[in-house]
Protein chains: 2
Amino acid sequence: MLSSFAVLSSSDVDRIRGWFRGPALAHPPGGPIPLHPERKDARVVARGWVARGAMLEDGRRQIVGLSLPGDVILATDSVDADMAVWALTDASTLDATLLWDAISEGADFSPRLLEAWRQFRSAERLRLARHVIRLGRLSAYERTAHLLLELYERQSRLGAVEPGVLHLPLTQDMLADILGLSAVHMNRTLQQLRRAGLVDYRTGRAILPDLSGLALAAGLSIADALADARNFGD
Amino acid sequence: MLSSFAVLSSSDVDRIRGWFRGPALAHPPGGPIPLHPERKDARVVARGWVARGAMLEDGRRQIVGLSLPGDVILATDSVDADMAVWALTDASTLDATLLWDAISEGADFSPRLLEAWRQFRSAERLRLARHVIRLGRLSAYERTAHLLLELYERQSRLGAVEPGVLHLPLTQDMLADILGLSAVHMNRTLQQLRRAGLVDYRTGRAILPDLSGLALAAGLSIADALADARNFGD
DNA sequence: CGCTCAATTGAGGAGTATCAATGATTGTGG
DNA sequence: CCACAATCATTGATACTCCTCAATTGAGCG
């Protein structure tokens, strides 16, 4: 959500709202989010979780990133033939082409708004980089801990959540498709984390009773673990 | 290189040059590229290959992306504690903070220049997404083919190269750190590709005698293979 | 000619995938 | 209210990909 990246005036917030046009489209789980690259389409997630990623011909699936309510998805970010955007849960989206137009033209944009947009994009880019590191060099156990921490931090930033409670409306299948694992191994890894007292997973939510233990399990340096712990308090 | 993304007037090109300030810094292989996030630093690669990535405490290394001559690196892209930027080959860079400033303020920018910058950033983002897919769902064999094709396509876009010849100043160690493999397995995978008649690797360069075969090995759909083959002719 | 660095090879093991089956839960129509 | 289907989670067994360790070869290079 843009407003989480900069202090925006209420007129800024109004302006943002003005860029989102109905009608809201409803997307069932698994349903595609229509985005036409040639038209420089953009949509904002109003409700539910949305995946950006690829579906290979042989059935392999890889989720590249998640878009949560308030996040804007640009068509140009998924230009590739085998790249797609689809709903993971029941979701709805609004047209945000006007926002993208406004940014393209640079006009009609308060400095703060521009800064918020840049930070949103920058945060997405950083998450992509972290995702690469997870998939390239972390074990299944580390990957899972790392992802859960990232999601928890992301939700904390958006608003107050119960400490240690992560809203996680994803099946183990979906988690596997994020982390590049088989569903079976995803399941076993979650069990390992549960036995270690770090994660209690159920469809819909996960409880993280020991954040610093989880950070340790994620293979992060101690410095990072502390920094993360600090962020969680935000 | 920005000029590869849009038709720019010579005055545009001059303006770009004006944003790059000496002195050029020389970086030995492995040497860090200094970027200070708090100062909104930016540098442009003048010579050599540069890696963006992470070096974990236990020695594991993951390269998230490559920056080639002409590419601009923003400090804000590597804000993370465990994220770093370093030279892979002998390299040199120039300060590009002025470019970043100009973009931030939006002023002094011709529409074409802005478009070129956006496309550069968009291409980087797309490569990141592809990298995630490679690491998450492709086998070592597929990954390697996929990466070599991407590098070949990237170089073709920059300028005429001998057909089928890829300039590749990376050791197998470095390739392994890009693809999330051990150096030993990297070696064996390259041998597999050689035996299949798809890649002839030597330090400094690789020969790709059969691009469509390579595309097939990369696990791409036929449609993609054809599209890629077309692009190579650019 | 001995360095050093990169590439290569072999052997054994850890991590993860695949296949197949079984529970558990939830929603649905009879 | 029950039978049924559908989805998700779980388990066991086995195979394979890839890693690790250790050693060797080959290629510059002072």
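Throughout, protein chains are lettered first and strands after them, A, B, ... in sequence-line order, and every chain is numbered starting at 1. Everything numeric in this text was worked out from a predicted model, so none of it was measured.
- Spacing between atom CG of A/Asp58 and atom C1' of C/dT18 amounts to 14 Å, rounded to whole angstrom units.
- The interatomic distance linking A/Leu88 (CG) with D/dC8 (P) rounds to 12 Å, in whole Å.
- Counting non-hydrogen atoms under 4.0 angstrom, B/Ala183 reaches nothing in the nucleic acid.
- Judged by atom type and distance alone, A/Arg188 does not reach the base of C/dG15 through any side-chain donor-acceptor pair under 3.5 Å.
- The distance from the CG atom of A/Asp177 to the CG atom of A/Leu88 is 9.0 Å, given to the nearest 0.5 Å.
- Atom CZ in B/Arg143 sits about 12 Å away from atom C1' in D/dC19, given to the nearest Å.
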Let me see the working for B/Val199 and B/Thr144 under side chain to side chain contact (heavy atoms under 4.5 Å, CB included), right down to the final yes or no. CA-CA 10 Å; B/Val199 176; B/Thr144 307; over 6 Å; no

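- Comparing A/Met174 and B/Ser182 by the nucleotide of DNA chain D whose heavy atom lies nearest to each, the residue mapping closer to the 5' end is A/Met174.
- Contact annotation: A/Gln172 side-chain N/O to D/dT10 OP1/OP2 distance is under 4.0 Å.
- B/Glu142 and B/Arg137 are not joined by a salt bridge, as no carboxylate oxygen comes within less than 4.0 angstrom of a charged side-chain nitrogen.
- Of the two residues contacting DNA chain D, namely A/Arg202 and A/Arg137, the nearest-nucleotide position lying further toward the 5' end is that of A/Arg202.
- Across D/dA9, C/dT16, D/dC21, the shortest atom-to-atom separation from the side chain of A/Asn187 is found for D/dA9.
- With hydrogens and angles left out, the side-chain atoms of A/His146 and A/Arg143 include no donor and acceptor closer than 3.5 Å.
- For D/dT11, the OP1/OP2 oxygens have a side-chain nitrogen or oxygen of A/Gln191 closer than 4.0 Å.
- Protein atom CG of B/Leu193 is 15 Å distant from nucleotide atom P of C/dA7, rounded to whole Å.
- At the heavy-atom level, B/Gly204 lies nowhere under 4.0 Å from the strands shown.
- Phosphate proximity of C/dA7 to B/Tyr201: present, with a side-chain N or O under 4.0 Å from OP1 or OP2.
- Side-chain contact, A/His185 with A/Arg188: no donor N or O sits under 3.5 Å from an acceptor N or O.
- One can place CG of B/Asp173 at 12 Å from P of C/dT8, the figure rounded to the nearest angstrom.
- Distance from the side chain of A/Thr203 is smallest for D/dC8 among the nucleotides D/dC8, D/dT11, D/dA22.
- Listed candidates were C/dT16, C/dT18, D/dC18. Nearest to the side chain of A/His185 is C/dT16.
- Rounded to an integer number of Å, the gap from CG of B/Leu190 to P of C/dA7 is 9 Å.
- Distance B/Asp177 CG to D/dC19 P: 11 Å, rounded to the nearest Å.
- Of the candidates C/dT16, C/dC19, D/dA22, the closest approach to any side-chain atom of A/Val184 belongs to C/dC19.
- Taking atom CD of A/Gln62 as the reference point, atom P of C/dA17 lies 11 Å away to the nearest angstrom.
- Nucleic acid contact class of B/Leu181 (heavy atoms, under 4.0 Å, all strands): sugar-phosphate only.
- B/Thr171 and B/Asp173 form no side-chain donor-acceptor contact under 3.5 Å, judged by distance and modelled atom types alone.
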